Amino acid sequence: MTPRELTASLNPSQRDAATTVEGPLLVLAGAGTGKTRVITTRMALLINRGTAADRILSVTFTNKAAKEMAERIRELIGRRKVKPLISTFHSLCVKILRDEIEVLGYRKNFTIIDRGDQESLAREVLRSIRVQESTLKPGDLLAILSRWKTNGVQPESAGDHALDDREFLASMAYRKYCDRLRARNSVDFDDLLLLTDQLFAKHPDALKRQQDKFDYVQIDEYQDTNQLQFRLIQALVRSHNNLCVVGDDDQSIYAWRGAEVKHILSFQSHFPTAKIVRLEDNYRCTDEILNVANRLVSFNRERHHKVLRSTKKAVEPVRYEKFSDEVTEAERIGLEISYMIAKKNRQPSDFAILFRTNEQPRAFESELRRRQIPYVILGSQSFFDRKEIRDLMAYMRIISQPRDESALLRIINTPARSIGTTTIEKIMKRSIIEGSPFFEATRNAIASGELSERAGQSVLRFEEQLKTWRAMFATTNQSLGQSLRKLIESLKYKSEVERSYKEPAQVQTRLESIEQLADSVDDYTRRVANPRLQSFLDEIALNDRDEFGTDKKKELDQNAVKLLTIHSAKGLEFPRVYLVGMEEGLLPHKRSVEGTRQDIEEERRLAYVGVTRAQESLTLTFAETRRKWGKPRKTVPSRFLFEMRSDKQNEEAVEAE
DNA sequence: GTGTGTTCGCTTTTT
DNA sequence: GCGAACACAC
C-alpha cells in the first residue's frame with residue numbers, strides 16, 4: 001500500500017499522529033479512538049519509507065497485544081515478510097539480559113522464579129532472620145520489595161527508604177533475598193527490569209549496543225509505565241528522541257503495581273519539543289454507553305479534561321439490573337445469553353462478562369456449563385497454578401538450570417523418594433554456610449558425618465537421576481514433548497496421581513492437565529523456529545503463551561463467551577458486555593474504600609475501562625446478597641452506579657424502590 | 001519418613 | 001468453602 005492508501009481511512013487527528021514519525025510525540029487517545037490503528041499505520045509508514053522493520057521497537061502491555069499488533073502490521077504492508085520487534089517490557093528485558101547478564105554476575109541460563117516459589121523463598125528468608133509471620137508475612141515482604149525494586153531502590157539503601165518497623169525488617173530481608181536468588185541463578189519478575197536498569201547504568205557499552213538497535217521507539221498504554229520502564233525508555237531513545245507514546249490517563253489502572261500517571265501527564269517536561277495529538281472520536285461505543293462513561297469519569301479530579309465524542313447511535317439503552325444473590329445474577333445472565341443465541345441470531349463470542357475479582361466467575365462458569373454455552377475464562381493463571389503442573393514445571397526448570405534451588409526443593413521429594421525435611425534442612429544449612437551448591441553440600445555433609453550414609457545416598461541417587469534427565473532433554477533426536485513424556489513416565493507421576501486422589505473425577509482432571517502440559521510443549525515446538533527448553537520456560541513465566549491444549553479447545557475459544565477481569569479486558573472490545581458485581585466492596589474494592597481518594601479514583605477508572613469495552617450493549621448488574629467465605633452477606637450498590645446515571649435516572653430509580 | 005485428619009486463614013487487580 | 005500448613009500416629 002502507498003502512504004496515501006495507508007492513511008486514507010484515518011480521520012485528521014489520527015493521520016496527524018500516524019504521520020508524525022520524527023521526534024517525541026504524545027498521543028492522548030481515549031477509549032475506542034483507534035489508537036492501535038494509529039500505531040500500526042505509523043509503523044507501516046516507517047517501513048514503507050525504507051526503515052528496516054527490526055529497527056522499530058514497539059512496546060505493548062501484554063504479549064497478546066503484541067501478537068495482535070504484529071498481525072495487523074503484516075496485513076497493512078502486504079505479503080512482505082517483516083519481523084518488527086514488538087514486545088512487552090519484560091520480554092524485551094529478557095532478550096537483553098540473555099545476551100548481557102554475565103557482567104552482572106549471573107549465568108546466561110538464569111531462570112525466572114514463579115510466584116509460588118517466590119513466596120516460599122520469602123518465607124525462608126524471614127525465618128532465617130527470625131521474623132515471626134505475625135509481624136511480617138511473606139506476601140507483605142514481597143509487596144514491599146516489589147515496590148522498592150520498581151522504584152530502583154537497591155538493597156544497600158533500602159534501610160533509608162523504610163517508613164516503619166515492618167519496612168525496616170523488609171530492608172534487612174531484601175539483601176538476603178537477593179543473595180539467595182543470585183545463588184540460585186534465578187531472577188524474579190521485577191529483577192528483569194531492575195537488572196536491565198543496572199546493566200545500562202554500569203555498562204555503557206551494553207547500553208550503546210541496545211541503543212544502536214533501534215531508530216524508532218513506540219510505547220502503547222503509556223499511562224501504565226512505572227519508574228524503571230520510564231528510565232529504560234529514556235536511556236534507549238537518548239540519541240535520537242524518536243519516541244512515540246500512546247495512552248489515556250483515564251485508563252490508568254495499575255498504580256498498585258508501581259505505574260505512575262505522572263509519566264503521561266508530564267511527558268512534555270521530559271521532552272520539551274514533544275508534539276501532542278488528541279484522539280477524541282470514539283468509534284467503539286454507542287452514544288448511550290459513552291455518556292455513561294463520560295459522566296462516571298468526570299467524578300475524578302486528577303485527569304486531563306477531555307470528553308469523547310461518539311459516532312454511533314444507540315439501539316439499546318444501558319441497563320441496570322438488580323438480583324437477589326450472585327447465583328441468580330449468573331442464572332439470569334446465562335438465561336439471557338442462551339436466549340439471544342437461540343432466538344436473536346447471536347454468537348457466543350458476542351458476549352463478555354467482566355468482573356473485579358477472580359472468585360466471581362465461579363457462579364457464571366457453572367451456569368454456562370449447565371446451559372452448554374461455550375465459554376472461556378481469559379487471563380486466568382489457574383492452569384499453571386495446579387499442583388501437577390507446577391511440579392512438572394519445576395522438574396523442567398531444575399533440568400534446565402541446575403542451580404535453580406527453588407525448583408529443586410519443590411520436587412526433591414515429590415513423588416516421595418525418602419528424602420525428608422531433616423535431611424534437606426541439614427544440607428541447606430551447610431550449603432548456605434559453605435556457599436556451595438546443594439549436591440556438593442550433600443557430599444560434604446556425608447563426609448563430615450553430619451548426614452547418615454543412607455539419607456545421603458537417596459539424595460545423591462536423585463542427583464544421578466537429574467543428570468540422566470538433563471542428558472535426555474539435551475539430545476536432539478527427540479522433541480521436547482517426547483522428553484517430557486518420558487520424564488513423566490520415569491517419575492511414575494501418573495500412578496502417583498491415581499494413588500493420591502480418591503475421587504475418580506479428580507484423578508481424571510489432573511491426568512488431563514498433565515496431558516495438556518505435554519500438548520502445550522508440542523504446540524510450542526511447532527510454533528517456534530528454534531525450540532529450547534529454556535525459552536519454553538521463559539514463555540510460561542512471562543505469560544507469553546498461546547492458548548495451550550488441543551485444537552478443539554482453540555476452536556472453542558474463537559466462538560465462546562469470554563469471562564475476564566476488567567484488568568485483563570483492557571484494550572479489548574465486545575459487542576455485548578455484562579459488568580457484574582457492581583457493589584461497594586467489590587467495585588470499588590474493599591481495600592480501596594478503606595484507602596485514599598486516589599485509590600477510589602483508580603477504581604473509578606477501572607469501572608470506566610469496563611464500561612468502555614462495550615460496543616452495542618451494556619448491562620450493569622449487582623446482587624443484593626453475596627456469599628463470602630460461605631456465608632451470604634448483604635451488599636450495598638456501588639456508588640459508581642449513581643454516578644453513571646443522570647440525575648433524572650437516579651430520581652426514577654429511587655421512586656421505583 | 002510417610003500418611004492421616006484437622007484447623008486455620010484467606011480473597012484485589014498481573015507483567 | 002477450599003486449599004495449604006500443622007499435628008500426630010504409624
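Chain A is the first sequence line, chain B the second, and so forth, proteins listed ahead of strands; every chain is numbered from 1. Owing to the predicted nature of the structure, the values given are computational and were not obtained by experimental measurement.
- For C:dA5, the OP1/OP2 oxygens have a side-chain nitrogen or oxygen of A:R123 closer than 4.0 Å.
- Comparing atom distances between the A:R257 side chain and each of B:dT13, B:dT15, B:dT11 picks out B:dT15 as nearest.
- Under the 4.5 Å side-chain criterion, counting only non-hydrogen atoms from C-beta, A:Q360 is in contact with A:L586.
- Using a 4.0 Å heavy-atom criterion, one finds that A:S592 contacts no nucleic acid atom at all.
- Mapping A:L606 and A:R417 onto DNA chain B by nearest heavy atom places A:R417 closer to the 5' end of the strand.
- Rounding to whole angstrom units, CG of residue A:D117 and P of C:dA4 are separated by 13 Å.
- A:I112 places its CD1 atom 13 Å from the P atom of B:dT15, with the value rounded to the nearest Å.
- Heavy-atom distances to DNA chain B give each of A:H589 and A:A416 a nearest nucleotide, and the one nearer the 5′ end belongs to A:A416.
- Stacking annotation: A:F61 is not stacked on the base of B:dT15 (requires ring centroids less than 5.5 angstrom apart and an interplanar angle below 30 degrees).
- When the side-chain nitrogen and oxygen atoms of A:S418 are compared with OP1 and OP2 of B:dT2, one or more of them lie within a distance under 4.0 Å.
- Of the candidates B:dT14, C:dG1, B:dT15, the closest approach to any side-chain atom of A:N358 belongs to B:dT14.
- Protein atom CD of A:E496 is 11 Å distant from nucleotide atom P of B:dT2, rounded to whole Å.
- Judged by distance alone, with hydrogens and angles left aside, the side-chain atoms of A:E388 form no donor-acceptor pair with the main-chain N or O of A:L511 at under 3.5 Å.
- Residues A:V245 and A:I264 fail the side-chain proximity criterion, which asks for heavy atoms closer than 4.5 Å.
- Panel note: side chain A:T612, backbone A:Y608; a donor-acceptor pair is recorded below 3.5 Å.
- Look at CG on A:L572: it is 13 Å from P on B:dT14, rounded to the nearest Å.
- A:D220 and A:T60 get closest at one heavy-atom pair: CB-CA, 4.3 Å.
- Relative to the side chain of A:T422, the nucleotides B:dG1, B:dT14, B:dT11 differ in distance, and B:dG1 lies closest.
- Note on A:S568: a side-chain N or O is less than 4.0 Å away from OP1 or OP2 of B:dT14.
- When the side-chain nitrogen and oxygen atoms of A:T62 are compared with OP1 and OP2 of B:dT14, none of them lie within a distance under 4.0 Å.
- The side chain of A:T88 lies closest to B:dT15, out of B:dT2, B:dT14, B:dT15.
- Checking B:dC10, B:dT13, B:dT11 against the side-chain heavy atoms of A:K137 singles out B:dC10 as nearest.
- The residue A:Y254 sits close only to the backbone: its heavy atoms come under 4.0 Å of sugar-phosphate atoms, none of a base.
- Within the 3.5 Å criterion, the main-chain N or O of A:G456 finds no donor-acceptor partner in the side chain of A:T423.
- Using a 4.0 Å cut-off, no side-chain N or O of A:N226 falls inside it from OP1 or OP2 of B:dT15.
- Distance A:D114 CG to B:dT14 C1': 14 Å, rounded to the nearest Å.
- The distance from atom CD of A:Q223 to atom P of B:dT15 is 15 Å, rounded to the nearest whole Å.
- At a threshold of 4.0 angstrom between heavy atoms, the contacts of A:D190 with the nucleic acid are absent.
- Out of B:dT14, C:dG1, B:dT15, the shortest distance to the side chain of A:H90 is found at B:dT15.
- Straight-line distance from the CD atom of A:E425 to the P atom of B:dG1: 11 Å, rounded to whole Å.
- For A:N63, no side-chain nitrogen or oxygen approaches OP1 or OP2 of B:dT15 to under 4.0 Å.
- Side-chain nitrogen and oxygen atoms of A:K387 include none within less than 4.0 Å of the OP1 or OP2 phosphate oxygen of C:dG3.
- The NZ atom of A:K631 sits 16 Å away from the C1' atom of B:dG9 (whole-angstrom rounding).
- Not a single donor-acceptor pair under 3.5 Å links the side chain of A:R303 to the backbone N or O of A:D249.
- For B:dT15, neither phosphate oxygen OP1 nor OP2 lies less than 4.0 angstrom from any side-chain nitrogen or oxygen of A:S91.
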